[in-house]
Participant: 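Take a look at the following structure, please.
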Amino acid sequence: MQTLTQVLKASTTPSALQDVLMTTTNTCIDICNALHKGSLAGILGVAGNENVQGEEQKKLDIISNDMLKTALLACPEVRAVASEEEDDIVPANTAGEYLIAFDPLDGSSNIDINAMVGTIFSIYHDTGSDAATEQSFLKPGTEQVAAGYVLYGPSCMLVLTTGQGVQMFTLDPEKNEFIQTQSKVEVPADTQEFAINMSNQRFWSAAMQTYVNDLVAGATGTREKDFNMRWVAAMVGDVHRILCRGGIFIYPWDSKSPNRAGKLRLMYEANPMAMLIEQSGGKAHTHSQRILDIQPEGIHQRVAVILGAANEVDKCLSY
Ligand code: FBP
């Protein structure tokens, strides 16, 4: 079985991008080892302040953010970083060619209950003689040159695309290296499993309520087949299940969210997951457009997300 380094070396991925990917994934291995210590290292619980999203930050949100920021700013190929936990972009090496946007710890509400969390990243190519600015990052998701996540679960896994399909790697804790465990990931076009936070139902559009009611009605309703439901409360966990066995994941806009934008972040969550899903044969949309076609207006923009099995996404959008 090949290591991540060997897989990248054998690929057409530019060596500078390989360096950015190795810096990111090696730092995720350090985050994984920190997570395993949990309360023994006093890293659980809240940090006592809010991030730019208006959310209470967990200590591990800040620890993982600082670990990634420090490593990436020291990487000569990195031009700038943007993080869900940072108010503004952080310029790095002007001569660098890559911008990286990341969610250092997705699924923060799962940290203190020892449930699945992850790190999500999205990389763009960008050059210029001046330092990068927020404007440099406002590129549609179609321009991503790489995207992935590291899932901190029973085993630590990396799921990665550089635009030639999706591969999965599992961390060998003895060697502290990611080993390729799946070379071609495919999402079945149809499914009988959906993921949505049902407690928000009364705030959804009438169309979304009807769509989900028809799923729940199952074989007794218009869908004529039963559906199962799952909700990990960490997008990285729900998307991983879909890449492993199919399904549909929905975080719709709801009347709770300002200007009906949905909860999830375009740059740090929706775009990288959309690239992984599409590279695995699935689809990823908001209520009205393909996520990867969205022209971002700001680095902390939120969007609605409907992704997974291609035919089921089409079915949902038909409502
Ligand atoms: P962060 O933890 O990075 O803020 O991500 C948001 C998130 O936790 C997603 O991972 C997950 O899909 C969703 O929010 C869960 O939302 P809810 O708390 O409504 O179930």
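Both counts, for ligands and for their atoms, begin at 1 and track the order of listing.
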Participant: Apply side-chain contact (heavy atoms from CB on, under 4.5 Å) to M22 and list each qualifying residue two or more places apart in sequence or on a separate chain.
Facilitator: L4, T5, L8, T25, N26
Participant: Among residues two or more places apart or on two chains, list those pairs meeting side chain to side chain donor-acceptor pair (under 3.5 Å) that have a residue in residues 27-37.
Facilitator: none
Participant: Check for me whether the distance between the ring centres of F249 and W231 falls short of 6.0 Å.
Facilitator: yes
Participant: So, D172 side chain and K175 main chain: donor-acceptor pair closer than 3.5 Å or not?
Facilitator: yes
Participant: As a quick check of understanding, evaluate salt bridge (Lys or Arg N to Asp or Glu O under 4.0 Å) for K263 and E269, giving each step before the final call.
Facilitator: CA-CA 10 Å; K263 174 179 182 176; E269 293 161 327; over 6 Å; no
Participant: Tell me the residues surrounding ligand 1, counting only those with a heavy atom closer than 4.0 angstrom, sorted by chain and number.
Facilitator: E55, E84, D103, L105, D106, G107, S108, N197, W231, A233, A234, M235, F249, Y251, K263, L264, R265, E269
Participant: Which residues pass the ring pair (Phe, Tyr, Trp, His ring centres under 6.0 Å) test with Y211, sequence neighbours left out?
Facilitator: Y319
